[in-house]
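Below: one structure, written as C-alpha cells.
Lettering follows sequence order; numbering is per chain, from 1. Keep in mind that this is a model prediction, so the values were computed, not measured.
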Amino acid sequence: MVRTRFAPSPTGFMHLGNLRSALYTFLFARHNGGRFILRIEDTDLGRYVEGAVDVIYRTLKSVGMNWDEGPDVGGDFGPYVQSERKGLYLPYAKELIKKRKAYYCFCTEEELSGRREAAAARGETFKYDKHCLHLPEEEVQRRLDAGMPYVIRQNVPEHGEASFDDLIYGHIAVDCADLDDMILIKADGMPTYNFANVIDDHTMGITHVMRGNEYLSSTPKYNLLYDAFGWEKPTYIHMTPIMRDATHKLSKRDGDAYFEDYVGKGYLKEAIINYVALLGWNPGDEREFFTMDELIEAFSIEGMSKSPAIFDVNKLTWMNAEYIRRLSTEQFTEYAMPYYQQAGIGTEHADVLARILQPRTEVFTQIPDMVDFLAKLPDYDAELFTNKKSKTNSEVAGNVLDMAIPALKALPAWEEQAIHDTLLGLAEQNGLKNGTILWPVRIALAGKQVTPGGAIEIAVLLGREESLRRLNLGREKLQ
RNA sequence: GGUCCCGUGGUCAAGCGGUUAAGACACCGCCCUUUCACGGCGGUAACAGGAGUUCGAGUCUCCUCGGGAUCACCA
C-alpha cells in the first residue's frame, strides 16, 4: 500500500511550489490507490505563524486534495503535528547513542559559530570535529547530571559512501567524509527537521517520500539513520522547484508566489491547479486540460521533469481564459457578479453580459474596466466617429445618427432582435456597409473606441432611455 | 570554495541511437467580422560548447561553460 505525505511548515500562505509538491504527492497516492497523509511540521516554534494551518486546510480542501490522515481527521499513526510528537523523538535518539551512531554534544552555539567563522576566513569548509564524541562516558554523565545544556548529534562514519536511489534522479552517492555530524535533538529538546522527518516518515509508514529537491544532497545522511536503526528505507522522489526566472525561485518577495494571490486576481482554482500540474510534469500525450480526477488517472513519475520550470503567467492566463470560456452562463455570471457590482452596472441582462464578456475575459478582475462605460458614459472626442474601414467620419456619423435615432425611438419594444433588424435595415436601405451604421451608433452609445460586444448588445444593456440619451448626446457632438 | 543536481525555441515541453527535431503559450501575418476579442489558416524560432564511442548522437562517455541546491541548535 502506497502511503505518501505532504508535510508543510505553518509559516504563512500556500506557496505555489508547495502546492504543486502537495499535488504531485496527492496524485501519486491516489493514482496508486494509496493513502495521502497531512503532517504539520512545526518543530521551529520561532517561525510559527498564527492561522497558517487553517490556510493549509482551506487551500487543500478547496482544490479537492483531501487527505486520509491528518491533524483534523486523525488516523492510526497520530498525532500528525510534530510539536505534539515531541516526546517521541528523544528515545529514538537515545537508542542511536546506545548504538554509537549518535552522541551528546555540549559545545555551545557561540563557540561553534566562532569556529565556523574562523574556518570561513581561512577559506575552509567547517565540519564539526566530533570533539564531544570522544568525551569519556563518566564525563558525559557528569555534565548531564549537572544539567548542562546539550544537543544530540548523528555520528557519521568517517569513511565510506552514503547513497540512495531517487526515482527521478537515479543513484546519488556522496562520500561520508564530506558529511557533517548533524544535530538530531536541539538544546530545547525539540528534534531538528532532519531527525523528526526520518522518525515520522518511518513511524507513519510512509512508503514514498516526495519532497523538494533541496533535500537531494542531505538524503544520503538520512539513509545512514535508517541503516543505524535497521529500518527499511522509503522510496525517494525529489521534485524540482518552480522558478520566477532562470536563476530565482518563485518567492514571497515577488508578491505573486501564493495560491491565494492568484485567486484574488481572478484566476479559477481549477485553472491554477491545471497549469501548475503541467509545470514539471506532462502526461505523455497532447492533452492539456485536466480535471482532478483526470490528473489522478494520468499521473506518473515518468512524466516528471528533472529540471526546474519557469512560471509563465502568460500561459496561466491563457489557460484561465479557456476555463472561463467553458463555464456555463450561470457559472460565469456567478463568478462575474462581484465585478459587475464593483463597476456599478445593472445585471438584469446577465445573459447578454455573459455573451459579450465570456469570450473576452481572461481574468475576472478585467471585467470592471471592460464594462465601466455602461455605468457612465466616458468623456470622449468626436474624432472617434471617424473610422476608415467602416467608412465613417463626422459628417457620415451625423447622418447615420439622424436616421438611427428616430428609427430606434419608433421601436415598440426595446428588444435585441428588433434593434438588430432596424439598424441593419438602415444599412441595406441606404446601400451602406453594416459597419457604417454600426460604428457611429456604437461610439455614441459607448463613448470609447474598443468595447466588448457591438452596438446592438450595448443598446440592449443600456435600455431604451439611456441609449437614446447617449445617441442624442453623440449627435450634438457632431454639430 | 567542497559536494550533489540540472542544461531541446522567449516559456512549458515531446524525444529514450536512424524524425523534414512534435505540440502548447507568447509573438508576427492572413481570413472571419459590427470595434476588440473568440474562432480558422499560416509563419519566425531550439538540441550550451568541444572531444570521443558508433555506419549513424539531442539521445551514450568525458571535459569545458552556464545555472541551481546544499554545507544552521531553519524547515
Under 4.0 Å between any heavy atoms, over every strand shown, what does [X] touch: base, sugar-phosphate, or nothing? Just pick one.
X: A:Ile183; value: base
X: A:Ser307; value: sugar-phosphate
X: A:Tyr275; value: nothing
X: A:Ala309; value: sugar-phosphate
X: A:Ala7; value: nothing
X: A:Ala246; value: sugar-phosphate
X: A:Glu286; value: base
X: A:Asp175; value: nothing
X: A:Val151; value: base
X: A:Cys176; value: nothing
X: A:Ile437; value: nothing
X: A:Thr247; value: sugar-phosphate
X: A:Lys389; value: base
X: A:Gly280; value: sugar-phosphate

Would you kindly give the [atom1]-to-[atom2] distance between [X] and [N], to the nearest whole Å?
X: A:Tyr193; N: B:A72; atom1: OH; atom2: P; result: 16 Å
X: A:Arg153; N: B:C73; atom1: CZ; atom2: P; result: 6 Å
X: A:Gln358; N: B:A37; atom1: CD; atom2: P; result: 18 Å
X: A:Trp281; N: B:A13; atom1: CH2; atom2: P; result: 12 Å
X: A:Lys306; N: B:A69; atom1: NZ; atom2: C1'; result: 16 Å

Would you measure the distance from the [atom1] atom in [N] across to the matching atom in [M] and give it in whole Å?
N: B:A21; M: B:G2; atom1: P; value: 40 Å
N: B:C6; M: B:U61; atom1: P; value: 11 Å
N: B:C25; M: B:U44; atom1: C1'; value: 15 Å
N: B:C60; M: B:C27; atom1: C1'; value: 37 Å
N: B:G15; M: B:G23; atom1: C1'; value: 12 Å
N: B:C63; M: B:C47; atom1: P; value: 23 Å
N: B:A46; M: B:U11; atom1: C1'; value: 12 Å
N: B:A26; M: B:G7; atom1: P; value: 27 Å

Contact check, side chains of A:Asp201 and A:Tyr226, non-hydrogen atoms, under 4.5 Å: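 A:Asp201 vs A:Tyr226: side chains touch.
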
Residue pair A:Lys233, A:Asp227: steps toward the salt bridge (charged side-chain N to carboxylate O under 4.0 Å, His left out) verdict: CA-CA 8 Å; A:Lys233 292 180 268 269; A:Asp227 286 337; 2.5 Å; yes

Side-chain N,O (A:Asn282) to OP1/OP2 (B:A14) below 4.0 Å: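 Answer is yes, contact under 4.0 Å.
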
A:Asp181 (side chain) donor-acceptor with A:Tyr128 (main chain) under 3.5 angstrom: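 Such a contact is absent between A:Asp181 side chain and A:Tyr128 backbone.
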
Test item: A:Thr392 side-chain N/O and A:Phe385 main-chain N/O as donor-acceptor pair under 3.5 Å: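 Present.
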
Which residue lies more 5' along RNA chain B, comparing A:Ile172 with A:Leu112 via nearest heavy atoms: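 Of the two residues, A:Ile172 wins.
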
Upstream residue (5' side of RNA chain B) when A:Trp318 and A:Ser305 are each assigned their closest nucleotide: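 Counting from the 5' end, the first nearest nucleotide belongs to A:Ser305.
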
Pairing nucleotide - B:C4, Watson-Crick or G-U, each distance under 3.5 Å: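 Its partner is B:G68 (Watson-Crick or G-U wobble, both distances under 3.5 Å).
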
Polar side-chain contact A:Arg442-B:U35 base: donor and acceptor under 3.5 Å: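 Such a pair exists between side chain and base.
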
Base B:A75 paired with A:Tyr215 side chain (donor-acceptor, <3.5 Å):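 Side chain to base: pair found, below 3.5 Å.
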
Shortest side-chain distance from A:Glu288, nucleotide among B:A24, B:U34, B:C71: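 Closest nucleotide among those given: B:A24.
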
Residue A:Asp178, side-chain heavy atoms: nucleotide from B:A24, B:A37, B:U3 that is nearest: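 Looking only at side-chain atoms, A:Asp178 lies closest to B:U3.
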
Lys/Arg cation over aromatic A:Phe289: A:Arg326, 6.0 Å, 45° cone: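 Yes - A:Arg326 lies over the ring of A:Phe289, closer than 6.0 Å to its centre and within 45° of its axis.
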
Ring centres under 6.0 angstrom apart (A:Tyr340, A:Phe364):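 Ring centres of A:Phe364 and A:Tyr340 not closer than 6.0 Å.
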
Salt bridge (charged side-chain N to carboxylate O under 4.0 Å, His left out) evaluation trace for A:Arg5 with A:Asp200: CA-CA 10 Å; A:Arg5 108 267 120 140; A:Asp200 289 340; over 6 Å; no

Over 12 non-hydrogen atoms of neighbours within 6.0 angstrom of NZ in A:Lys433: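 Yes, enclosed.
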
